[in-house]
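Since the structure comes first, as C-alpha cells, the remarks are kept for the end.
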Number of protein chains: 4
Amino acid sequence: MSDRVLGVVMNGVTGRMGYRQHLVRSVLAINEEGGVALSDGERVRLRPVLVGRDLGRLARIAEPHGITGYTTDLDAALADPDNTIYFDSQVTSARVAAALKAIAAGKHVYAEKPTAETVADATRLAEAAEAAGVKNGVVQDKLFLPGLRKLKRLIDGGFFGQILSVRGEFGYWVFEGDWQPAQRPSWNYRAEDGGGIVLDMFPHWAYVLENLFGPVQSVYAHVTTHIPERWDERGQRYKATADDAAYAVFELAGGTVAQINSSWTVRVNRDELVEFQVDGTQGSAVAGLRNCRVQHRGSTPKPVWDPDVPATARFREQWQEVPDNADFGNAFKVQWEMFVRHVLEDAPFPHTFAAGARGVHLAELGLRSHAEARRVPVGNP
Amino acid sequence: MSDRVLGVVMNGVTGRMGYRQHLVRSVLAINEEGGVALSDGERVRLRPVLVGRDLGRLARIAEPHGITGYTTDLDAALADPDNTIYFDSQVTSARVAAALKAIAAGKHVYAEKPTAETVADATRLAEAAEAAGVKNGVVQDKLFLPGLRKLKRLIDGGFFGQILSVRGEFGYWVFEGDWQPAQRPSWNYRAEDGGGIVLDMFPHWAYVLENLFGPVQSVYAHVTTHIPERWDERGQRYKATADDAAYAVFELAGGTVAQINSSWTVRVNRDELVEFQVDGTQGSAVAGLRNCRVQHRGSTPKPVWDPDVPATARFREQWQEVPDNADFGNAFKVQWEMFVRHVLEDAPFPHTFAAGARGVHLAELGLRSHAEARRVPVGNP
Amino acid sequence: MSDRVLGVVMNGVTGRMGYRQHLVRSVLAINEEGGVALSDGERVRLRPVLVGRDLGRLARIAEPHGITGYTTDLDAALADPDNTIYFDSQVTSARVAAALKAIAAGKHVYAEKPTAETVADATRLAEAAEAAGVKNGVVQDKLFLPGLRKLKRLIDGGFFGQILSVRGEFGYWVFEGDWQPAQRPSWNYRAEDGGGIVLDMFPHWAYVLENLFGPVQSVYAHVTTHIPERWDERGQRYKATADDAAYAVFELAGGTVAQINSSWTVRVNRDELVEFQVDGTQGSAVAGLRNCRVQHRGSTPKPVWDPDVPATARFREQWQEVPDNADFGNAFKVQWEMFVRHVLEDAPFPHTFAAGARGVHLAELGLRSHAEARRVPVGNP
Amino acid sequence: MSDRVLGVVMNGVTGRMGYRQHLVRSVLAINEEGGVALSDGERVRLRPVLVGRDLGRLARIAEPHGITGYTTDLDAALADPDNTIYFDSQVTSARVAAALKAIAAGKHVYAEKPTAETVADATRLAEAAEAAGVKNGVVQDKLFLPGLRKLKRLIDGGFFGQILSVRGEFGYWVFEGDWQPAQRPSWNYRAEDGGGIVLDMFPHWAYVLENLFGPVQSVYAHVTTHIPERWDERGQRYKATADDAAYAVFELAGGTVAQINSSWTVRVNRDELVEFQVDGTQGSAVAGLRNCRVQHRGSTPKPVWDPDVPATARFREQWQEVPDNADFGNAFKVQWEMFVRHVLEDAPFPHTFAAGARGVHLAELGLRSHAEARRVPVGNP
C-alpha cells in the first residue's frame, strides 16, 4: 500500500455516468488495487473530493464509500493545494466556466466529452490550459474497450501492411415512441436542444480515426432525418428536427479512406452495435467494442463471381477471432491511470483538450459538408 | 409443341458468356421447354442463327446442338426476313456499329451491357432504335437472380413501409498477381483500356437502384486506386491506372439514401459477394444474389448501449430467411423470355437502350463527382 | 421518497394468491420502488390494512413485513376516511356482500375474479358501483403477462393487417387422482360446487378476446365431461358432474373467428399451457403467457401438398421470437398500478366490474349453447 | 411370375394424378412386383386398358410402358369379358354416367373421389352398384399414408384406452395471387365453380373419422371466407365466393369429440400440413401424414399453472416418435391391392361408394350447420 496520495476534485459525480464509471469503477477501484503504478514501481492513491450543489446528495454518495471530502464550495476545493487534479463530469453547459477556474488555480484538468458546446469554446479551453501549462485531458473511453484495443494492437504489430480503407457501421433502431417507448431521450432528436447523430457520434469518430489510423484530412457527409416525427417520454408526438442518420466518407493522411455510416434508423445485421472493418495489403480485421476478427493475406480466399453457381463459400467462417491475451480492465479506469501518469511523470497522453476540440470541429464540418454538397477539408479548429 | 418459330441472329456467342448463358441456358433451354409462353397460351420457339468471324469455330459450337444456321456474313443474316431479333454479345467496341446495322434492317435488338463505350454512343444507339421504332433491350441479369427478386417481391408486397435507406457492399480481394495469380484480367486495372470499378459496377447500381427503389437524383463518389501496382497475365509488373474502389452515396427520388461501396481491395465479411441492406419504417431486409433475410418491425430488438455489459444479443440470429416460394429459373433466360414477349405482344420491358445509357451516364457522373469534390445531380444523359 | 400515502383495505389476503401476488408482489413491491408513479411525476405509496377472520393469522402475515394495520373488523376499516381503496380476494361466495358494503362506504373497489357466482349478482355489483360513482376493477392478470403484452403490442403496431382468426388451445392433463394425486381440487369437477372448465376459463377468454380482438358477438360451445369418475383429496372415488372440456367457436365484431379449446383432459403438445395463434392478412403470431413468435407475410412459405414428397420443410423454424424490449414486471403489480392511477387521476381502466360481469355471462351462454345445440348471440348481460 | 391376369379398364389416366399415382405407381408397380398376392399365395397381374378421348395422347402414355391396350371406345372396352374391373379418374362431372355403364356391364368399379358432384348422384351410384351386386370402391388415399397408418396401428393395439377427443388442424397460407402467384387454382375459391374448403376437405374428414374413430353423429361448422378478393391465374382480380376456412366440431359414436379446423388462410405452426392430436385415457398421439408421436399415461407430466414461474418445461420434447417398423408403400398402390383382393376373394373393403356418398353428405351438412347456426345430426345420406 502506497503512502503517496493525490487529491482529486470531482465535480458532477452525482450523475449516473460520473458516479458509476468515474468514481466507483475508476478512482475507487484504483485505490482498491493499491493505486496507480508509476514507471518506477511506486503506487499513487487518489483522494476524491466530491463537489456538487446538493450537500445531502453528496453525503449519500460519499459516505457508503468512506469518502470524507465533499463540499458545495468549488472555490474552496480548488484553493486546497493538496488537490492536484480537477475532474469535470457536469452537464456540458457548466463545464467551461468551472474548468477555466481550475486552470486558473493551477490544477491539471480532466473532463468528460464534449469539453464544450461549441468549437470556439472548446478551443478557448484548450488554449487556456496550454497557456497555463497544466496537463489536460478528455475522456475517450471507446479507445480503451477490448475490441478497439485489440485492433490497435494489430496495427502496432504491423498486421495490416499498408492500411487501405476503414468501413464503419454504427447504429440500431431507435423506436419511434408510439407503439413501443423509445430507448433514447427525445432531446436527441431535436436540433434546438442540441440533438442530432452527427454532434453525438462524429466526436467519437474523430478520436477513433486519429488515434488508430491518422489525422482526418477531409470529410463528406450526407446527413438526413429519416423519421420526421416521433413520440416523447410523455407519449406526445413531436417533430424530429435533428438528423438521425449520416453517411460519411473521411480521407485520412496517407490516403486511407474511412467510410462510416451512423444511424438510429437501421436494424442491426452485425455482431456488435458498432463495427469497423479495416482492410490492408497484408490482412483485414473487423472490430467491435468487445471482439475483433481477422483474415490474413495468407488465408484470403479467391472468390469468383459465377452466376451459375450458388455461393456456397461460408465467407464469415474464413475469419478468425483475435484472443484477448490480456485483461483489458475497465475502459474508464485505464484512461484515468494514463492521465495520472501523464500528470506525475509526463507519460504520453494524446487525449488532450485540443483533441476534444477537434472532435466538435469534425461534427461541425460534417454538417457543413452536407449543407454545401461538397467534400470539406479538415484543418485545425 | 408450338409451330411458331422466331429467327434470332446471335452475334458474338463464341465468347464464354454469350455461348453458355445466352445460347445454351437461354435460347436452347427455352426451346427444350416448348418455347416462350405468350399470354394467350401460345408458345414460340427460337431459331438461332449464329454470326461470327471464324466459320470453323461457329460450326464447332452449332453442330453439337443441331443448329444449322451459322455464318460469317452478318449482312446476309440481317437481310433474311425470317430473322426478327438481333442479339449482340460481341466485345463492346464492336457493338454499336453492328447494332446500328440491325436497326437499319428493321430488326428488334437485344444486347449485352454496356451498350457502348461512351454515354454519347449509348445515347445515339438508344435514339436510333427509338427513331426506327424497333424494340430494344440491354441485359440486366442481376435483377433476375433469386436474391434481388425476393427483395423486389418484398417491396411490391409493402413489407418495408417507407424505405429509408439502402446499404450496398460489393467486392472481394482481387489478388495483385505476384504471389498468387489475379482472378480478374489486367485491363480492368488500366484506365487506358477502359478499366476501373466505377465503369464496371455503377451501370449495375444504376439499374438495380432505379428498378427497385426509384430514380437516382444525385451521386457523390469517393474514388481511389488503393493498389497502385499489379502483375499481369504474363507475370509482368504494371501500373494500375484505373480505380479499384469507390465509396458512393446516391440520393433517390423520395429521399431514400443509397450508400454503396464497390471494391476489389476488400476481404469478404459478408454472406455473399454483394449484399444490400434495406431499412424501412416497417421492416428491413438484407439481400444478396441468392438469399434474402428479413427483420420486421414487430420482431425488432431494442438494443441499449451499456459499456458495463458485454453484447450478448445475437443480432444476426434475429433475422429470418425469406423462402423462395417459386422456381426462379436462370436469370438470363427469364430476361430473354421477357424480351421475346416484349417483341411479340408489347409486354412491359423497362430494360431498354435508354436504361443502358443511364448506366454508363451514372458511371461518368460518379467519376466527375470525385474529380470535382462535390455531390453531382443526375439528370437524363 | 413520496410523502403521499393511500390507505388500502385488503380483505382475504390470507389465501395463497392474495398474500403472495397481491400483498407481497404488488402492494409491498410498489412501496419498495417508491410508490406508484403518477403522470406528473409524483409517487404515491400504499398503506395496507389487512382484514380477515383470524387475528393471529393476520398478525403472522403482517408483522414480518412491518404492517401495523390489521383487523377482523371490516366495518371499522371501511369507516376510516384514510382508507381509499377496498380490495377483495375472499372466496367468491363472500365477495358480493363485502364489496357492496365498501361501495356503500364510498370506497373504490378492486376485486379478484369472478366478481360473483352468477351473472345476476355480478351485474348487480357493477350497477351498484356505477350508481355510487366509485371506481371499480376486476383482476385480469393474464393480459399483463409478457406473452399477451407482446401480442397486444403487435396488434397496436399494425403487424397483422386485418386479423382473420384466433386459435386458442388451453389445457393439460389433470390426473384422475387414483394412481397419481390430482393437481387440481376436486370441487373443480363437481357442478354442484361451482366447478367446471367453462365457468373457470370462459371469463378469461372473455377479457382476452375483447381486450385484444374486439367484442364477442356469438358463441358456440361443445361441452363435455370426458372423465366421469375421479378420486378426491382423500382418495375417495367421486362422480365428476362438471364439464372438463369445451370446444368453442366465438365470432367477434368485424368477422374475426376465435376457435378455442379448453380441456383438463389433453396432453400438452405445445410450448406453453395456453397458446393463441393469430392469423392476419399481413402476418401471424403464436403467443403463450411468456413468449410470442411471429411469421410475417414477407417470410411466409408456400407449401404444396404432394403425396410423393416427404414434408421436409421445418415449418416451426420459419417463425421468429419477438424480443421483450422491456421489463414487463409482475402482471398483478402492473394492474394494481393501473388501478391506483385510475382512482387518483382517472387514467383509463377497462377492467371494470361490468367487464367482470361479461366474463361470467359468456360462461353461462357457452353452457346454454351446448344445451340448446345452437350458436348463441352475445349481448350485454 | 403369375399367369393369372386381370383386365382393368382405366378411364381418365391422361390427367396427372391418374397417370402418375394410379397407372404408374399403382397398377404398373404391382405388376413389377409380380402381381397382387392373394391369401392363398397366388399372384394376380393387372392388364390395363386405357380409355380416353384422344388416341394420340393415349398412345404417348401407353407405348413407353409397353401397354398395347388403349382405345377411345369405352363401350367396346366394357364389352370385353376379359376386363373385370373398371377404374374412373375422369373429371367428376363425367364420372357417374361412365360408372353406371360399367355397372350395367357387370364390371367391378373403383373410382377417384368424389364419386359424384351431389349427394343424390353419389347415393344413386352406390345403390346401382349394390343392386347389380358388383364390388365398388372409392379412393381414400390419406388413410394409407404412414402417419395415419401408425395412428391406426396404435388404436388397434389399444394404446389410447378410451379415446376422448381428436383435434385436427389442416391448412396453410394460400397466397392471394397479387404479389406472389397462388399455389391453388382459382376455381377453388369460386362457389359457382364447385370451390370451397368444406366441399374439398370434409369428405376426407368423413373417411378419416369413421375409419379411425367411429361413425360421425353430429356436426357443427363455422364456415367463412376470410379473404374475399383474390387474383387468378392471369393476374385478374376476382371475388372469392367460396369458403376458405371452416371451424368444425364433430360428435362421434361413443362420445368422442373431434374438433377440426380447415383453412387456406392459416400460417403453419405445426410439423406437417395436417395434424391430428388424439387424447385417450391411457395415452395421446399426434399424427401427420408421415409421422406420429406419442405420450403415454405413464410418462405424462403434471404441469401446474404458476404465474411466478416461467414455463421452462419443454413440453414438445416429452413426446416420443413412433417408429415405422414397416415399409408402408405407396398409399394408392396399397388401396389398389386391397380392392383387387376384395374383388377376387371378397376381402374386407370398407371404402365403398356408400362411404364415398357419406363424405359428400358430411360436406353438405357442414354447410347447412353454418347456415342454420346449429348442430346438425348426421344420418345416412
Side-chain angles (χ1 to χ4, degrees), chain C residues 20-21 25 141 145 164-165 167 169 172-173 175 180 183 218 220 222 224 226-227 245 247 249 251 255 257 259 261 263 265-273 277 279 281 283-284 286 288-290 293 295 300-305 307-308 310-311 313 315-316 318-319 330-332 373-375, chain D residues 20-21 25 141 145 164-165 167 169 172-173 175-176 180 183 218 220 222 224 226-227 245 247 249 251 255 257 259 261 263 265-273 277 279 281 283-284 286 288-290 293 295 300-305 307-308 310-311 314-316 318-319 331-332 373-375:
Chain C
R20 182 148 184 77
Q21 297 300 340
R25 306 201 44 157
D141 55 293
L145 287 169
L164 307 174
S165 57
R167 280 161 176 76
E169 276 286 348
Y172 44 89
W173 191 267
F175 283 81
Q180 287 194 39
Q183 72 267 49
S218 78
Y220 174 82
H222 190 102
T224 189
H226 283 307
I227 307 280
Y247 307 86
V249 185
E251 241 178 334
V257 176
Q259 192 282 311
N261 296 332
S263 177
T265 62
V266 64
R267 293 187 178 83
V268 183
N269 178 44
R270 286 166 254 132
D271 292 328
E272 303 198 38
L273 295 185
Q277 172 162 349
D279 286 283
T281 51
S284 299
V286 176
L289 297 182
R290 293 282 159 180
R293 292 178 308 126
Q295 181 175 92
T300 299
K302 190 190 269 190
V304 177
W305 183 313
D308 280 352
F315 298 121
R316 293 187 180 286
Q318 296 162 341
W319 295 69
N330 177 282
F332 292 89
R374 64 180 185 95
R375 187 192 312 154
Chain D
R20 183 154 184 74
Q21 298 299 343
R25 304 197 49 157
D141 55 292
L145 287 169
L164 307 174
S165 57
R167 281 160 174 76
E169 275 286 347
Y172 45 90
W173 190 266
F175 283 80
E176 298 90 333
Q180 288 196 38
Q183 73 267 46
S218 77
Y220 175 83
H222 189 102
T224 190
H226 283 307
I227 307 280
Y247 307 87
V249 185
E251 239 177 337
V257 176
Q259 192 281 312
N261 297 331
S263 177
T265 61
V266 65
R267 293 186 177 85
V268 182
N269 179 45
R270 287 166 252 132
D271 291 329
E272 303 199 37
L273 296 185
Q277 172 161 350
D279 287 284
T281 51
S284 299
V286 176
L289 297 181
R290 296 277 159 183
R293 292 178 306 127
Q295 182 174 92
T300 298
K302 190 190 268 188
V304 178
W305 183 313
D308 280 352
R314 315 274 298 193
F315 298 120
R316 292 188 181 286
Q318 296 163 342
W319 296 68
F332 292 88
R374 64 182 183 92
R375 188 191 312 155

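Numbered from 1 within each chain, the chains take letters A, B, ... in sequence-line order.
- Contact annotation for C:Ala331: neither backbone nor side-chain heavy atoms come within less than 4.5 Å of a heavy atom of chain D.
- Between C:Thr300 and D:Phe175, the shortest heavy-atom contact is O-CZ, 3.4 Å.
- D:Val286 touches chain C through its side chain: at least one heavy atom from C-beta onward sits under 4.5 Å away, while N, CA, C and O do not.
- Here NZ of D:Lys302 is found 11.5 Å from OH of C:Tyr172. Values are rounded to the nearest 0.5 Å.
- Of all non-hydrogen atoms in C:Phe315 and D:Arg270, the two that sit nearest each other are CB-O, 3.2 Å.
- Atom CG of residue D:Asn261 and atom OG of residue C:Ser165 lie 8.5 Å apart, to the nearest 0.5 angstrom.
- For a residue to count as touching a neighbouring chain, one of its non-hydrogen atoms must lie under 4.5 Å from one of that chain's; by this rule C:Val268 touches chain D with backbone and side chain alike.
- Atom-to-atom distance recorded for D:Trp173:CH2 and C:Ser284:OG is 6.0 Å, nearest 0.5 angstrom.
- Side-chain contact check for C:Arg167 versus D:Val266: some heavy-atom pair is nearer than 4.5 Å.
- Heavy-atom pairs under 4.5 Å with chain D peak, among C:Trp319, C:Tyr247, C:Tyr220, at C:Tyr220.
- Here CG of C:Asn269 is found 8.5 Å from CD of D:Gln295. Values are rounded to the nearest 0.5 Å.
- Options C:Asp279, C:Leu289, C:Thr224 differ in how many heavy-atom pairs under 4.5 Å they form with chain D, and the most are formed by C:Asp279.
- The line from CG of C:Leu164 to CD1 of D:Ile227 is 5.0 Å long, rounded to the nearest 0.5 Å.
- Interface summary for chain C: among D:Gly255, D:Gly288, D:Pro301, D:Gly283, the most heavy-atom pairs under 4.5 angstrom belong to D:Gly283.
- Within the 4.5 angstrom heavy-atom criterion, atoms from both the backbone and the side chain of D:Thr281 approach chain C.
- Heavy atoms closer than 4.5 Å to chain C are found nowhere in D:Gln318, neither backbone nor side chain.
- For chain C, the option among D:Glu169, D:Gln259, D:Arg374 with the highest count of heavy-atom pairs below 4.5 Å is D:Gln259.
- The candidate with the highest count of non-hydrogen atom pairs below 4.5 Å against chain D, out of C:Arg375, C:His226, C:Arg316, C:Arg267, is C:Arg267.
- The distance from the NE2 atom of D:His222 to the CD atom of C:Glu251 is 4.0 Å, given to the nearest 0.5 Å.
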